[in-house]
Amino acid sequence: MEKVKQYIEDNKDQFLEDLFEMIRIPSISSIKDHKPDMEKAANKLKELLLKAGCDKAVVMPSTGNPVVYGEKIIDPAKPTVLVYAHYDVMPVDPIDLWEQDDPFEPILKDGKIWARGADDDKGQGMMHIKAFEAMVKTDSLPCNVKFMMEGEEEVGSPSLPQWCEENKDLVKADVILVSDTGMIAPDIPTITTGLRGLSYWEVEVTGPNRDLHSGLFGGAVANPINVLANIITKMVDEDGHITIPGFYDDVLEVTKEERAKMAEAPFSEDEYKKAIDVKALWGEKGFTTNERTGIRPTFDVCGIWGGYTGEGAKTVLPSKAFAKISSRLVPNQNNEKIALMFKEHFEKIAPDYAKVEVKFLHGGQAYVCPIDLPAYKAAEKAYEEIFNRTPVTVRSGGSIHIIS
């Protein structure tokens, strides 16, 4: 261990520069114009994996963005760890809210790295690459290691399931180590044991066949934005309960014992509210804040638009209104089943004076990891050795679609 620590100390500046080079590549998977950046990021990852000590690293095509695969097999009889990460990032809009001119140029401030991708997910992926490198260079690697790093996680990993089917022998492993989660705090060791699933839709509401004058037609013709807003308000009741019939039928209810264990995680509701600058919290009745984000499904409007949104006023009654809507799902809920239920319900409660079209964009299943597995116990032991305390288990509110 001392040799590993010394290697990290001797090479930490290079570690940071390697991370910064990855961050500087604007690998935004949801914007087609960034397709060349996806290729550039994948090839950079291949270079870093080879430099870290992989015997093999390749950029492999998929039906979408490429998958980067690397491996070092020290002994086929030993256990194999598959490290999962993604090199794509979210868009940077709204750009004017950034406190730096270029979101892709890393800035070191207050002991943190500020940049798009520094935390989701190039930072976490790089930590595992560099941990692997430190062990390889000090002859202390105890197992086989494989890397599978994709470029579509932020858009639902649409190409990865097929890629995995076609390469299942290649990615065969004893445990998957996910490089896309976090810790409650720097001094609180945390192991993420659960991820929520997701269903995501885009809805379009159409009224008249063209934009109309709100003075001449207002009050006689339904406004699609008003219609859309009214439908959305009917999707969740005042207790935070989603009103789609049958939505909760398959929800895996968490036991009192597990809820009590979750409650052991340090959490200050006052600090939580202060950090996001809200006076009060809201959510499904009967559950705590951490339970609402970890073990309960949700319904959220992720974007809504229509009509005139430019400077000044324009008296328009719009022809169309749009929204992007998501539901985070929990174990036993099937995202495809939920997708259909949402579509049927949304269209059913739409009024006759507007046309509604629901388009399913992407989704994925939830996942929960047992905590009696040898791999979990090994991670728990490692945390205890470093932090001198047992790690807290958490269920993340986020989704990583390929994990299930």
Side-chain angles (χ1 to χ4, degrees), residues 89-100 103 109-121 123 154 180-188 190 192 194-201 203 225-226 228-244 247-248 251 254 259-260 262-306 309 321-330 342 366 392-400:
V89 298
M90 285 279 194
V92 294
D93 304 318
I95 193 73
D96 58 310
L97 294 183
W98 284 83
E99 294 182 6
Q100 58 206 70
K109 184 176 67 174
D110 302 327
K112 298 171 182 164
I113 303 167
W114 300 82
R116 171 59 89 233
D119 177 61
D120 183 14
D121 176 38
E154 298 293 10
D180 195 16
T181 55
M183 287 170 55
I184 293 174
D187 60 340
I188 301 174
T190 310
T192 299
L195 295 160
R196 287 194 291 189
L198 177 74
S199 281
Y200 198 110
W201 309 267
V203 300
I225 298 178
N226 295 353
L228 177 58
N230 286 332
I231 297 174
I232 288 171
T233 59
K234 294 176 182 177
M235 299 298 291
V236 181
D237 67 21
E238 60 185 15
D239 290 330
H241 198 264
I242 297 161
T243 60
I244 300 172
F247 184 86
Y248 293 94
V251 169
V254 177
R259 289 177 71 177
M262 287 177 62
E264 295 174 5
F267 178 75
S268 168
E269 194 165 286
D270 289 337
E271 288 297 317
Y272 188 84
K273 289 187 291 187
K274 182 180 178 182
I276 57 178
D277 195 20
V278 296
K279 290 183 178 180
L281 301 176
W282 181 89
E284 187 180 357
K285 190 175 181 179
F287 296 92
T288 67
T289 299
N290 284 337
E291 288 173 340
R292 289 167 180 164
T293 59
I295 63 173
R296 300 301 293 171
T298 63
F299 176 91
D300 285 293
V301 179
C302 300
I304 187 166
W305 69 99
T309 58
F322 303 85
K324 292 185 185 289
I325 298 172
S326 74
S327 275
R328 298 287 174 170
L329 309 175
V330 295
F342 170 87
V392 174
T393 61
V394 299
R395 289 203 191 181
S396 171
S399 307
I400 304 176

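Below, each value reflects all heavy atoms present in this structure, side chains not excepted, and no hydrogens, waters or symmetry copies.
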Check: Is there a side chain to side chain contact (heavy atoms under 4.5 Å, CB included) between Ile325 and Met235 once you walk through the steps?
Finding: CA-CA 11 Å; Ile325 298 172; Met235 299 298 291; over 6 Å; no
Notebook entry, point to check: Do you know which two heavy atoms are closest between Ile184 and Ile188, and how far apart they sit?
Noted result: CG2-CD1, 4.1 Å
Notebook entry, point to check: Knowing that exactly one of Phe287, Phe247, Tyr248 qualifies, which makes a ring pair (Phe, Tyr, Trp, His ring centres under 6.0 Å) with His241?
Noted result: Tyr248
Next item on the list: Nearest 0.5 Å please: distance from the CD1 atom of Ile242 over to the CZ atom of Phe342.
Entry: 10.5 Å
Checklist line | Atom pair CZ/OG1 of Arg395 and Thr192 - distance to nearest 0.5 Å | finding: 11.5 Å
Next item on the list: Test Asp180 against Asp120 for side chain to side chain contact (heavy atoms under 4.5 Å, CB included), laying out the working first.
Entry: CA-CA 7 Å; Asp180 195 16; Asp120 183 14; 3.0 Å; yes
Check: From Ile400 CD1 over to Leu198 CG, what is the distance, rounded to the nearest 0.5 angstrom?
Finding: 12.0 Å
Checklist line | N/O donor-acceptor pair under 3.5 Å between Glu284 side chain and Arg296 backbone | finding: no
Margin query: Working note: Glu291 + Val254, criterion side chain to side chain contact (heavy atoms under 4.5 Å, CB included); need CA distance, chi angles, decisive distance, verdict.
Written below: CA-CA 10 Å; Glu291 288 173 340; Val254 177; over 6 Å; no
Notebook entry, point to check: Do you know the tightest heavy-atom contact between Val301 and Ile232?
Noted result: CG2-CG2, 3.6 Å
Margin query: As an exercise, state the distance from OG1 of Thr289 to CZ of Phe267, rounded to the nearest 0.5 Å.
Written below: 4.5 Å
Check: For Asp96, does the CG atom sit with more than 12 other heavy atoms under 6.0 Å from it, leaving out its own atoms?
Finding: yes
Notebook entry, point to check: Are the side chain of Thr298 and the backbone N or O of Ser327 linked by a donor-acceptor pair below 3.5 Å?
Noted result: no
Item checked: Nearest heavy-atom neighbours spanning Val92 and Trp98 -> O-NE1, 2.8 Å
Note to self: Could you check whether atom CG of Asn226 has more than 12 heavy atoms from other residues, nucleotides or ligands sitting under 6.0 Å from it?
What the structure shows: yes
Checklist line | Shortest non-hydrogen contact between Ser326 and Trp201, atoms and distance | finding: C-CZ3, 4.0 Å
Next item on the list: Kindly say whether Lys112 contributes a backbone atom to a donor-acceptor pair with the side chain of Asp110 at under 3.5 angstrom?
Entry: no
Next item on the list: Can you see which heavy atom on Trp282 is nearest to which on Glu238, and at what distance?
Entry: NE1-O, 4.0 Å
Note to self: Checking the side chain of Thr293 only, and the main-chain atoms of Gly397 only, is there a donor and an acceptor separated by less than 3.5 Å?
What the structure shows: no
Checklist line | Met262 vs Thr288, side chain to side chain contact (heavy atoms under 4.5 Å, CB included): CA-CA, chis, key distance, verdict | finding: CA-CA 10 Å; Met262 287 177 62; Thr288 67; over 6 Å; no
Checklist line | Side chain Ser399, main chain Arg328, donor-acceptor under 3.5 Å | finding: no
Margin query: Just checking Lys234: does its NZ atom have more than 12 heavy atoms from other residues, nucleotides or ligands closer to it than 6.0 angstrom?
Written below: no
Notebook entry, point to check: What closest approach, in Å, do Val278 and Leu281 show between heavy atoms, and which atom pair accounts for it?
Noted result: CG2-CD2, 4.0 Å
Notebook entry, point to check: Side-chain contact, heavy-atom cut-off 4.5 Å: Glu154 with Asp121?
Noted result: no
Notebook entry, point to check: For Pro297, does its backbone N or O pair with a side-chain atom of Arg196 as donor and acceptor, under 3.5 Å?
Noted result: no
Margin query: Once rounded to the nearest 0.5 Å, what's the spacing between atom NZ of Lys109 and atom CD of Glu99?
Written below: 5.0 Å
